[in-house]
There are 2 protein chains.
Amino acid sequence: MARIIIVEDDSWMREELIDILQKAGYEAAAITDFHDIAQQIAALAPDLVLLDINLPEQSGFDICRSLKSRGIGPILILTSRDKLQDELHGLHLGADDYLTKPCNRDRLLARIQNLLRRFESQPGWIDGGGFWLDPNTFTLYKGSQSLLLSANEGKILLALAQHRPEIVTKSTLSELLWGTDQYIDENALQVNLTRLRKTLRQLNLENQIETIRGQGYRLRG
Amino acid sequence: MARIIIVEDDSWMREELIDILQKAGYEAAAITDFHDIAQQIAALAPDLVLLDINLPEQSGFDICRSLKSRGIGPILILTSRDKLQDELHGLHLGADDYLTKPCNRDRLLARIQNLLRRFESQPGWIDGGGFWLDPNTFTLYKGSQSLLLSANEGKILLALAQHRPEIVTKSTLSELLWGTDQYIDENALQVNLTRLRKTLRQLNLENQIETIRGQGYRLRG
DNA sequence: TTTTTCCTTACACCATCTGTAAGTATTTTT
DNA sequence: AAAAATACTTACAGATGGTGTAAGGAAAAA
């Protein structure tokens with residue numbers, strides 16, 4: 001059974017977490033000495049780390065990075081809701097998932113289960129049919145070739161790949177790019193589609209994106 | 001095994017190079033379509049580019065510059081001209097080393113091995129003292145903040161962090177940026193140092209880089 | 001003080017990304 | 001078949017960011 005190491009300075013919360021996890025069948029333990037945290041965790045070789053981002057001595061972010069630099073993971077970050085926006089949004093700090101406190105028991109277990117499963121066999125790439133897409137860097141792979149997409153190209157293609165082979169409406173894409181489903185200027189979206197198609201053609205990916213007239217687009221396959 | 005892409009218009013030479021490299025255990029392939037060369041190479045994501053500077057259609061110099069601007073490298077220039085001016089020109093354009101034709105087999109392989117070692121990508125994060133640096137993406141982390149460095153900034157900071165707290169000479173940095181230890185234009189290096197320091201200041205990292213007068217720079221800590 | 005070394009700022013060039021505009025092509029409807 | 005609606009493409013221009021050059025200022029050493 002998976003071993004989970006908890007880093008949490010609030011002792012009540014700590015005991016609570018250990019209890020929940022052990023009852024769920026995990027091997028759970030907590031760090032109580034907050035010196036050289038990364039070192040300790042590394043020695044314990046956990047299958048998952050539960051890390052509170054608000055620690056007294058050392059920044060949770062630094063610990064997270066230190067762990068990742070040692071190849072340890074996955075890491076599930078615990079944070080209060082108000083700090084989430086500021087600190088975690090769009091940040092590549094190496095954490096694999098995050099959870100806002102106070103946390104619901106079921107949600108916590110779901111996240112952990114998900115994360116453990118993901119870490120077993122998840123390459124971090126999305127299958128687009130005839131190609132692969134790295135959702136973090138927007139790098140497109142086909143065979144031995146690769147290509148870096150622009151931000152707009154990446155967002156569109158990722159949405160299409162995630163919903164493949166279903167239709168993604170134009171208003172959905174519009175909201176993705178400009179944060180509004182107002183969908184005022186449809187031409188801008190079309191231009192971006194043209195550019196994406198042109199880019200795909202560089203890897204000999206022809207006719208991947210199908211137009212559904214009056215609705216939106218979808219990825220073949 | 002490392003993938004090497006060859007750009008050489010002389011078909012005999014091309015086959016010869018492929019043969020040598022493949023027998024040496026490399027994955028070697030050549031560009032045969034001399035249209036949009038930089039684009040092709042970029043898509044192939046090579047570990048090293050072997051570039052003949054005398055090409056029929058497009059100037060090898062232009063290709064070299066284009067590749068470097070996309071962060072592709074290292075580049076080993078092949079030249080039959082033995083004009084020193086041209087070669088220095090090439091190196092200053094971003095080539096990482098050069099070789100005169102006709103080339104000795106052993107020397108070619110030695111240069112390649114050397115270059116590949118120099119450009120090996122590293123895993124994980126480098127501890128810079130008050131910050132962390134991702135050596136692959138040149139992302140700078142401090143606490144909850146992160147920042148993407150430019151190519152030059154990243155190269156310099158990475159070198160400093162790797163040798164911390166030792167001194168990195170200016171000629172070393174010059175070679176890192178422009179592929180030559182000639183250290184011709186020291187001002188360009190200083191400007192890049194200024195820019196790096198300014199960028200570090202954005203994360204409240206003051207006085208991290210110390211100047212060792214007459215020698216070079218080093219990272220405090 | 002004088003000289004050497006280092007730092008900073010402003011400028012110009014280039015590449016990339018992106019939305020706008022205008023015209024073309026395709027499909028649907030009448 | 002013609003008209004209308006929808007989708008596509010191309011060219012242009014503004015914005016942004018990275019870079020080397022040039023020139024002058026600042027700091028340290030002689």
Length of the line joining A/N192:CG and C/dG19:C1', which is rounded to integer Å
8 Å
At less than 3.5 Å, do the side-chain atoms of B/R195 and the base atoms of D/dG17 form a donor-acceptor pair?
no
Between A/E210 and A/R218, is the closest basic N to carboxylate O distance under 4.0 Å?
yes
Could you check how far CD1 of A/I212 sits from P of D/dA7, rounded to whole Å?
11 Å
Of the nucleotides D/dC8, C/dT20, C/dC11, which has the atom closest to the A/V191 side chain?
C/dT20
Look at B/W178 and D/dT19 and indicate whether a side-chain polar atom (N or O) is within less than 4.0 Å of OP1 or OP2.
no
Using only side-chain N and O atoms of B/T194, determine if any of them is under 4.0 Å from OP1 or OP2 of C/dC7.
no
What's the closest nucleotide to the B/S150 side chain, out of D/dT19, D/dG20, D/dC8?
D/dT19
In whole Å, I'd like the distance from the CG atom of A/L177 to the P atom of C/dT18.
9 Å
Kindly say whether B/Q190 contributes a backbone atom to a donor-acceptor pair with the side chain of B/T194 at under 3.5 angstrom?
yes
Rounded distance in Å - CG (B/L200) to P (C/dT8):
12 Å
What is the distance, to the nearest angstrom, from the NZ atom on A/K198 to the C1' atom on C/dT16?
13 Å
Rounding to an integer number of Å, can you tell me how far A/N187 CG sits from D/dA7 C1'?
10 Å
Using the 3.5 Å cut-off, write out each protein N or O paired with an N or O of nucleotides 2-6 of chain D and the distance between them.
unit_1	atom_1	unit_2	atom_2	d
D/dT6	O2	A/R213	NH2	3.2

A/A188 or B/T211: which one's nearest nucleotide on DNA chain C is closer to the 5' end?
B/T211
note: B/F138, atom CZ; D/dG17, atom C1'; distance rounded to Å ~ 17 Å
Value rounded to 0.5 Å, distance of CG in B/N152 from CG in B/L177
4.5 Å
Which nucleotide, C/dC7, D/dC8, C/dT18, lies nearest any side-chain atom of A/Y217?
D/dC8
Are A/Q215 and A/T169 linked by a side-chain donor-acceptor pair shorter than 3.5 Å?
no
Is the shortest side-chain N to carboxylate O distance from B/K23 to B/D19 below 4.0 Å?
yes
Give the minimum heavy-atom separation between B/N207 and B/R220, together with the two atoms involved.
O-NH1, 2.8 Å
Heavy-atom pair with the smallest gap, counting every atom of B/Y217 and B/L160:
O-CD2, 3.6 Å
In whole Å, I'd like the distance from the CG atom of B/N152 to the P atom of C/dC14.
18 Å
